[in-house]
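Just so it is clear, the model here is predicted, and its values are computed rather than measured.
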Amino acid sequence: MTSRARHCAWRLSIVILGACCIAAGVYLLRNWIDIFTRMRGREMALSPTSPAFEGWKVSPLPLNFDVYLFNWTNPEDLYEGSKRKPHFEQLGPYRFREKPDKVDIEWHNHNASISFRKKAYFYFDAAGSNGTLQDIVTSVNTVAHAGAKRLSELNTLFQFVASTTLSSTQEISETRTAEEWLFKGFVHKLVTLGKFISPENVPFDRIGYQYGRNGSTSFDGDINMFTGADDIRKMGQIYSWNNKTHTGAYSGACGNVMGSMGEFFPPNLNTSEPVYLYMPKMCRAVPLDYTETVTIHGITAYKYSGTRHAVDNGTMYPDTSCLCVDGQCFPAGVINIKYCSYNTSIFMSYPHFYLADPIYLEALDGLHPEKEKHEFYMALEPNAGVPMDVGGGFQANYLMEPVSGVALYARVPRILLPLMWAEERVRVSEEIASNIGLVPLIVMLGQVFTGILLAGGLICACWYPTRKLTSLCHSDDPKAKAAVLRPLTSLAVGASATGATLTVQQLFRQNPSHNERVGVRLLDYRRSSGIEEGDDGSSHGNTSRDRLIESCSTDVIIS
């Protein structure tokens with residue numbers, strides 16, 4: 001192979017290498033995140049041996065469960081026409097250290113899912129609490145009111161006897177210790193009677209907001225969720241709850257079992273789409289909308305918050321109209337969980353009716369909603385979909401309303417009364433955050449490598465043509481320039497047939513019968529507003545450096 005041939009082969013190889021780098025860079029630019037997601041999925045999908053399994057089964061972070069109780073200070077003033085609004089004072093937080101675990105685990109390879117139950121123990125943290133478990137708290141006697149509503153459905157004679165008995169033994173309110181209202185529970189005469197008469201309809205023997213939860217494996221039900229073994233984007237997404245894919249508590253899409261149980265969310269999050277958190281005690285998936293981008297221990301995270309969308313029932317968002325129960329739609333801000341709470345009149349809202357219709361706050365005294373204290377949110381690392389900061393909770397409220405035929409509730413107004421609210425706040429440690437931060441770092445490195453490929457490819461592909469053009473521009477050899485411009489000249493000749501500008505040769509060869517030598521005086525143009533002209537070198541007053549080639553200089557001959 002000659003030296004010239006080797007030179008050409010080498011140049012061609014550089015150009016081909018550049019083209020390959022550009023093609024690889026474009027491919028990675030479009031697919032790098034998906035490629036990395038699949039690679040990470042093979043390593044991180046939930047399995048008995050995966051790195052994520054132990055942290056999922058038993059949380060490595062300290063969990064605090066804070067409960068707030070509302071003490072009703074004036075229950076005697078609850079009657080139609082009363083000049084005093086129901087007044088409540090918030091007590092707490094009563095803090096409990098939560099020790100969670102996942103038990104009864106079963107793996108299902110046919111659909112890459114896992115079944116389990118949640119089990120947790122709660123230990124009172126006196127130092128972190130504001131109050132003691134012996135605090136006296138007055139709240140709504142929900143059992144008596146629920147019993148009265150049942151009595152109203154009975155025949156007249158039995159209704160009269162039962163109503164008289166209920167009115168003489170019960171009151172609108174119930175006063176107990178904080179401990180009894182929470183995990184310990186207390187014995188209620190009507191519950192005991194109901195369990196004796198119809199045990200299948202009364203599955204509990206005591207009353208308490210958190211009674212039966214401590215150490216229970218049935219409180220949150222049986223959960224089946226995807227492990228991500230077949231698709232990492234499904235990891236942590238719930239498939240069924242208590243063997244149902246629709247709760248039946250709400251009609252249509254509102255009753256679908258979907259969303260995350262809180263440990264894993266889909267990777268590569270999109271700020272234009274909400275994430276869903278499934279809440280067993282509300283029998284629904286709660287949508288959380290993107291609100292802002294935050295930084296936690298130096299790691300960028302997307303903050304998804306509970307907005308009005310999550311507590312609407314068709315007033316502002318048409319897709320939430322299926323949250324109306326039995327055809328009754330309440331003003332926005334509360335969700336009826338009647339069919340998820342033993343057919344009682346329980347409504348869920350944000351704490352202190354945050355983001356709710358003002359009608360609820362106007363009917364009460366003592367509640368003060370604040371975003372900083374009562375917002376429900378989760379901050380997620382967007383590439384991995386891992387929670388980094390979680391806060392907020394929901395408030396349980398009871399709908400008090402008149403009951404015909406029962407003297408105790410004959411004069412009460414229709415009003416929503418707050419009972420309690422609870423929250424879990426947890427933020428990852430710096431050590432865990434640094435491990436989570438490896439995911440966005442690898443994504444960034446992949447993007448940097450893609451940029452290097454594209455830049456290197458462009459340099460290789462354009463290096464020789466650019467070098468050749470640059471050399472030509474700096475060359476003083478008119479023959480070399482003419483050789484390069486010859487294709488352009490030919491193109492111009494072809495274009496002249498349709499009215500294009502004539503070339504210099506055509507201009508001076510209009511008469512082919514005469515063989516003349518024509519001299520062309522060249523203009524040396526050096527960016528000035530004037531032209532010096534004349535054989536004698538006179539400037540006509542211009543000081544410009546522009547000049548015509550002297551008459552004694554060599555003319556360009558076109559033969």
Whether the [X] and [Y] side chains hold a donor-acceptor pair (N or O, under 3.5 Å, no angle test) is what I'd like checked.
{"X": "Gln210", "Y": "Trp181", "result": "no"}
{"X": "Ser305", "Y": "Thr307", "result": "no"}
{"X": "Ser240", "Y": "Asn243", "result": "no"}
{"X": "Asn74", "Y": "Glu76", "result": "no"}
{"X": "His108", "Y": "Ser113", "result": "no"}
{"X": "Tyr339", "Y": "Thr344", "result": "no"}
{"X": "Asp77", "Y": "Ser82", "result": "no"}
{"X": "Asp319", "Y": "His309", "result": "yes"}

Taking every non-hydrogen atom, the tightest pair across [X] and [Y]:
{"X": "Ser349", "Y": "Val334", "result": "CB-CG1, 3.9 Å"}
{"X": "Phe88", "Y": "Leu367", "result": "CB-CD1, 4.0 Å"}
{"X": "Trp421", "Y": "Pro351", "result": "CE3-CG, 3.3 Å"}
{"X": "Pro418", "Y": "Asn397", "result": "CA-OD1, 3.4 Å"}
{"X": "Arg308", "Y": "Tyr317", "result": "C-CE1, 4.0 Å"}
{"X": "Glu375", "Y": "Tyr354", "result": "CA-CE2, 4.0 Å"}

Between [Y] and [X], is there a side-chain heavy-atom distance shorter than 4.5 Å?
{"X": "Val137", "Y": "Leu91", "answer": "yes"}
{"X": "Thr192", "Y": "Leu190", "answer": "no"}
{"X": "Leu269", "Y": "Leu380", "answer": "yes"}
{"X": "His246", "Y": "Val257", "answer": "no"}
{"X": "Ser260", "Y": "Ile238", "answer": "no"}

>> Set out, in order, the CA-CA distance, both residues' side-chain angles and the distance that settles ring-ring contact (aromatic ring centres under 6.0 Å, His included) for Tyr398 and His145, then state yes or no.
In response: CA-CA 10 Å; Tyr398 189 82; His145 187 262; 5.3 Å; yes

Looking at [Y] and [X], is any side-chain nitrogen of the basic one under 4.0 Å from a carboxylate oxygen of the acidic one?
{"X": "Glu292", "Y": "Lys303", "result": "yes"}
{"X": "Glu362", "Y": "Lys85", "result": "no"}
{"X": "Lys338", "Y": "Asp326", "result": "yes"}

Say you draw a straight line from [atom1] of [X] to [atom2] of [Y]; how long is it, rounded to the nearest 0.5 Å?
{"X": "Tyr121", "Y": "Glu98", "atom1": "OH", "atom2": "CD", "value": "13.0 Å"}
{"X": "Leu63", "Y": "Glu424", "atom1": "CG", "atom2": "CD", "value": "6.0 Å"}
{"X": "Thr315", "Y": "Leu323", "atom1": "OG1", "atom2": "CG", "value": "10.5 Å"}
{"X": "Ile415", "Y": "Leu364", "atom1": "CD1", "atom2": "CG", "value": "5.0 Å"}

> Which is it for Phe226 and Tyr239 under the ring-ring contact (aromatic ring centres under 6.0 Å, His included) test, yes or no, and what are the steps along the way?
Replying inline: CA-CA 7 Å; Phe226 295 110; Tyr239 173 69; 5.6 Å; yes

> Under the criterion side-chain hydrogen bond (donor to acceptor under 3.5 Å, both in side chains), which of Asn130, Asp66, Asp125 is the partner of Arg95?
Replying inline: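 In the set Asn130, Asp66, Asp125, the residue that makes a side-chain hydrogen bond (donor to acceptor under 3.5 Å, both in side chains) with Arg95 is Asp66.
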
> Step by step, would you call Phe183 with Phe122 a ring-ring contact (aromatic ring centres under 6.0 Å, His included)?
Replying inline: CA-CA 9 Å; Phe183 288 96; Phe122 297 84; 5.0 Å; yes

>> Taking NE2 in His368 as the centre, count heavy atoms belonging to other residues, nucleotides or ligands within less than 6.0 Å. Is the count above 12?
In response: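 Check fails, neighbour count at 12 or below.
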
> When Ile223 is tested against each of Lys102, Arg117, Lys118 for side chain to side chain contact (heavy atoms under 4.5 Å, CB included), which residue passes?
Replying inline: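 It is Lys118, the one option of Lys102, Arg117, Lys118 that forms the side chain to side chain contact (heavy atoms under 4.5 Å, CB included) with Ile223.
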
> Of Tyr276, Tyr250, Tyr278, which meets side chain to side chain contact (heavy atoms under 4.5 Å, CB included) against Arg284?
Replying inline: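 It is Tyr250; the other options fail the test.
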
Centroid separation under 6.0 Å, is that true for the rings of [Y] and [X]?
{"X": "Phe124", "Y": "Tyr94", "value": "no"}
{"X": "Phe330", "Y": "Phe347", "value": "yes"}
{"X": "Tyr350", "Y": "Phe394", "value": "yes"}

> What is the ring orientation for Phe53 with Trp107, classed by angle as parallel under 30°, tilted 30 to 60°, or perpendicular over 60°?
Replying inline: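 Plane angle between 30° and 60°, so tilted.
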
